[in-house]
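Following: one structure in structure tokens, then a few remarks.
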Amino acid sequence: MYANAETFPALPAALARIPAPGPARRSKIGPCALQARELDRFNGLLAELGRPDPLAGDQIVTAARDLYDPRLGDIQSPCISVRLAHAAPLDQFVLDEGWAPAGQALAAARAVLAYLRRPDDLIPDWVPQVGRLDDAIVVDVAWSRIGDELAGYRDFCRLRLLESRLRGEPPGRFRFGRGEWIEARRAESGLREHQRRVLSSSYLPAPASRFRVH
């Protein structure tokens, strides 16, 4: 219902290529070398999230080099920052009892969160510009499982806050779950349709052909 509506800036094309056979030619991103054990663990997570083929170290290093621009200092590429921004509500998403995420999305969200919080992930976060490339790859692979639910959750929070303002009560003091969210969406859709009809119609019983002033 929602996930395909999100359009992210493309990740580097190197991540989509079939890696060349033979030993890796590149292993370092900035001052940091990719560790074989961490790469295996990283690929294990990607497989768990639905990626059919593992990534080679060459692919990740090449992608990082393609993104790095010495003129930009510490500024992340949009293909990284946009994915991380869309994943920002994950911690609330997995804990919100009102929303209660669906099973597959909940498992994927927890796996993504666990990786994003790891201090010893594949690429150290402090590496300028590309330190969170691995995090962005994880979010990207998981998006087919969490995108719909996260977009729905953002809308759920919006309508719950609106209901809170109408009631004059803080969220959590009244019942608002998925059922109430669906009803609120229907009511909002009905109101918009009514407004559309009113704007395109007239309260006059029939169009007046002319006005005459006496």
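Here the structure is a predicted model, which is why all the values come from computation and not from measurement.
With 3.5 Å as the limit, one finds a donor-acceptor pair spanning the side chains of Asp96 and Tyr153.
A salt bridge links Arg158 with Asp155: the closest approach of a Lys/Arg side-chain nitrogen to an acidic carboxylate oxygen falls below 4.0 angstrom. Looking at Glu183 and Arg186, a side-chain N of the basic residue comes within less than 4.0 Å of a carboxylate O on the acidic one, giving a salt bridge. Between Glu149 and Arg154, none of the side-chain N atoms (NZ, or NE/NH1/NH2) sits under 4.0 Å from a carboxylate O, so this pair counts as no salt bridge. The existence of a salt bridge linking Glu163 and Arg160 is excluded, since no basic side-chain nitrogen approaches an acidic carboxylate oxygen closer than 4.0 Å.
The shortest side-chain heavy-atom distance between Pro12 and Leu67 falls under the 4.5 Å cut-off. Residues Ile123 and Ile60 form a side-chain contact, since some pair of their non-hydrogen atoms from C-beta on lies under 4.5 Å apart. You'll find the side chain of Leu34 stays beyond 4.5 Å of the side chain of Lys28, heavy atoms only. Within the 4.5 Å cutoff, the side chain of Ile137 has heavy atoms near those of the Phe42 side chain. Looking only at side-chain heavy atoms (C-beta outward), Arg132 and Leu116 come within less than 4.5 Å of each other. In this structure, the side chains of Val127 and Cys32 come closer than 4.5 Å at one or more pairs of heavy atoms. A 4.5 Å side-chain heavy-atom check between Trp99 and Cys157 finds every atom pair outside the cut-off.
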Worksheet item: Is there a side chain to side chain contact (heavy atoms under 4.5 Å, CB included) between Val139 and Val112 once you walk through the steps?
Response: CA-CA 7 Å; Val139 172; Val112 172; 4.1 Å; yes

Worksheet item: Given the rule in the side chain to side chain contact (heavy atoms under 4.5 Å, CB included) test, do Leu122 and Tyr115 qualify, once you have shown the distances and angles that lead to the verdict?
Response: CA-CA 10 Å; Leu122 184 64; Tyr115 188 83; 3.4 Å; yes

Worksheet item: Phe93 and Leu113: side chain to side chain contact (heavy atoms under 4.5 Å, CB included), yes or no, with the steps?
Response: CA-CA 11 Å; Phe93 169 82; Leu113 265 180; over 6 Å; no

Discussion item. Run the side chain to side chain contact (heavy atoms under 4.5 Å, CB included) test on Asp125 and Asp135 for me, step by step, so that the C-alpha distance in whole Å, both residues' side-chain angles and the decisive distance to 0.1 Å come before the verdict.
Written reply: CA-CA 9 Å; Asp125 291 350; Asp135 298 329; 3.5 Å; yes

Fill in: Intermediate values then yes/no, salt bridge (Lys or Arg N to Asp or Glu O under 4.0 Å), Arg41 and Glu38
CA-CA 5 Å; Arg41 188 188 300 185; Glu38 284 303 320; 3.7 Å; yes

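Tyr68 and Ile75 sit in two unconnected hydrophobic clusters of ILVMFWY residues. Membership requires side-chain heavy atoms under 4.5 Å apart, directly or through other members. Criterion: ILVMFWY side-chain heavy atoms under 4.5 Å apart, direct or through other members. Under it, Trp126 and Val138 are part of a common hydrophobic cluster. A single hydrophobic cluster is not seen to contain both Leu161 and Phe176; linkage of ILVMFWY side chains at heavy-atom distances under 4.5 Å, directly or through other members, places them apart. Hydrophobic clustering of Ile, Leu, Val, Met, Phe, Trp and Tyr side chains at less than 4.5 Å, counting indirect connections, unites Leu90 with Leu84.
With hydrogens and angles ignored, the 3.5 Å screen pairs a side-chain donor or acceptor of Gln129 with a backbone N or O of Asp69. A donor-acceptor contact shorter than 3.5 Å links the side chain of Thr62 to the backbone of Asp58.
Note that the CG atom of Leu55 and the CZ atom of Arg17 stand 12.5 Å from one another [nearest 0.5 Å].
Partners of Arg51 according to the side-chain hydrogen bond (donor to acceptor under 3.5 Å, both in side chains) rule, which considers only residues two or more places apart in sequence or in another chain, do not exist here.
A cation-pi arrangement is absent between Arg178 and Phe156 under the rule of less than 6.0 angstrom and at most 45 degrees off the ring axis.
Few gaps surround CZ on Arg118; more than 12 heavy atoms of other groups in view lie less than 6.0 Å from it.
Applying the side chain to side chain donor-acceptor pair (under 3.5 Å) test to every pair with at least one member in residues 72-83, sequence neighbours left out, gives these pairs: Arg83-Asp140.
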